[in-house]
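First the structure, in the form of structure tokens, and then the observations on it.
Nothing fancy with the numbering, it's 1 onward along the sequence.
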Amino acid sequence: MNTSWRSASLVATAAAVLALTTACGQESTPSAGSQNVGATAPAGGFGGTGAGTGTQTGTGAGNGYGADGQQGSSGAKAAGQLAVSSNAELGKVLTDSAGMTLYRFDQDTAEPPKSNCDGDCAKAWPPVPANDATAGAGVDKALLGEVTRADGTKQLTIAGWPAYRYAKDAKAGDTTGQGVGGKWYALAPNGKKASLASLPGLSVKKTELGDVVVDKNGMTVYRFLKDKAWPKSVSACTGACLEKWPAVAPVPANETKGVAKKGLMGFTRPDGVKQMTVNCWPIYTFSGDKVPGDINGQGVGGTWYAVSPDGKPVGAPK
């Protein structure tokens, strides 16, 4: 009887050790889905941090109203033949004939098409006239349309989304409007938000900090020094903290590239949110990062640091 009890005890202990090892020591493949949870960027009104109060008049070269000087019916210069450019951070981006980036606004609607950017907003984000806009290589002309604005002018739409330029883009290829206010995004040729859809769920990017881990959108991933990894992953970022530092949701290990496999798995937080870990450390993005490659969260509060491919905090004090 005693022998049976000891055997059962040993089996239970071995099972517990195995479970602990699996939790933070072995490679694991969590369920699919790598969307971040929580707020992704603070709302900043029409212009957010990039557009300011929208007091620009939209008359300078930075508005990108086409190189040929043709005027649209609203007085804005025509878009001409639309084109597709390749951007290292955003993939394929829709531009006008002068190479100026075209944008869409999250507060607009595509079904039915409607622009909600007027007044000062339209000075910072000049609407693209619909007349004379044609489809160039890589652009489906069937996606081109128009919407009548509140002032009666016709604005170009792409797959129903009203198209804009950004007053602070100074030259062809500029994408300074990307992510402004968490509401403005460069247009892809299909009318969606431009993004590098080919990025893995987690990968490695070279930055001024060295190699750091980024999520599927190319956004820098961070660690919180108050978290714990052993004997199990524990996040100390809750409530308002989680809104500012959205948890990265689990990513299947086979959908990562360049990131160490040890401790690369997901766990369930006490609030029920599922979160990804690198080397068992919980990882996050930062709502203050607006575009891929930003590292605005680095060193915040002396507790937040970008993550190296092996899960260590980049530049953290020893």
**OP:** Could I get the full list of side chain to side chain donor-acceptor pair (under 3.5 Å) partners for S115, not counting sequence neighbours?
**Re:** R149, Y164
Subject >> Partner set under side chain to side chain donor-acceptor pair (under 3.5 Å) for T277, not counting sequence neighbours >> reply: none
Original post:
D215 side chain to N217 main-chain N or O, any donor-acceptor pair under 3.5 Å?
Top reply: yes
Original post:
Using the ring of each side chain (for Trp, its six-membered ring), is Y103 parallel, tilted or perpendicular to Y166, with breaks at 30° and 60°?
Top reply: perpendicular
**OP:** Sequence neighbours left out, what passes side-chain contact (heavy atoms from CB on, under 4.5 Å) with T148? Give chain and number order.
**Re:** K154
Subject >> Heavy-atom side-chain contact between R269 and F267 under 4.5 Å >> reply: yes
Original post:
Under the side chain to side chain donor-acceptor pair (under 3.5 Å) test, which residues partner T175, sequence neighbours left out?
Top reply: none
Subject >> Whether F286 and Y222 hold their rings parallel, tilted or perpendicular, with breakpoints at 30° and 60° >> reply: perpendicular
Original post:
With side chains defined as the heavy atoms from C-beta onward, is the minimum distance between D96 and V128 less than 4.5 Å?
Top reply: no
Subject >> Beyond-backbone contact of V214 with L202, side-chain heavy atoms, under 4.5 angstrom >> reply: no
Subject >> Polar side-chain atom of N87 near backbone of V93 as donor-acceptor pair, under 3.5 Å >> reply: no
Original post:
Do K92 and N190 touch side chain to side chain, with heavy atoms closer than 4.5 Å?
Top reply: no
Original post:
What pairs with D140 under salt bridge (charged side-chain N to carboxylate O under 4.0 Å, His left out), at least two apart in sequence or on another chain?
Top reply: none
**OP:** Can you sort out the partners of A133 under side-chain contact (heavy atoms from CB on, under 4.5 Å), two or more places apart, ordered by chain and number?
**Re:** A79, L156
Original post:
Any side-chain heavy atom of V259 sitting closer than 4.5 Å to one from V278?
Top reply: yes
Original post:
For K141, what residues pass the salt bridge (charged side-chain N to carboxylate O under 4.0 Å, His left out) criterion, not counting sequence neighbours?
Top reply: none
Subject >> Partner residues of K226 under the side-chain contact (heavy atoms from CB on, under 4.5 Å) criterion, sequence neighbours left out >> reply: F224, A236, T303
Original post:
Applying disulfide bond (SG atoms under 2.5 Å apart), which residue pairs with at least one partner in residues 220-262 are found, sequence neighbours left out?
Top reply: C237-C241
Original post:
Are any side-chain N or O atoms of T220 and backbone N or O atoms of D294, one a donor and one an acceptor, separated by less than 3.5 Å?
Top reply: yes
Subject >> 4.5 Å side-chain heavy-atom contact, Q275 and V248 >> reply: no
Original post:
Can you name the residues that form a salt bridge (charged side-chain N to carboxylate O under 4.0 Å, His left out) with K114, not counting sequence neighbours?
Top reply: none
Table please: side-chain donor-acceptor pairs of residues 305-318 below 3.5 Å, with sequence neighbours left out.
residue	atom	partner	partner atom	Å
S308	OG	D310	OD1	2.3
S308	OG	K312	N	3.1
S308	OG	K312	O	3.1
D310	OD1	K312	N	3.2

Original post:
Taking only residues two or more places apart in sequence or in another chain, which ones pass side-chain contact (heavy atoms from CB on, under 4.5 Å) with W161?
Top reply: R104, D108, A110
**OP:** Classify the ring geometry between W304 and W245 as parallel (under 30°), tilted (30 to 60°) or perpendicular (over 60°).
**Re:** parallel
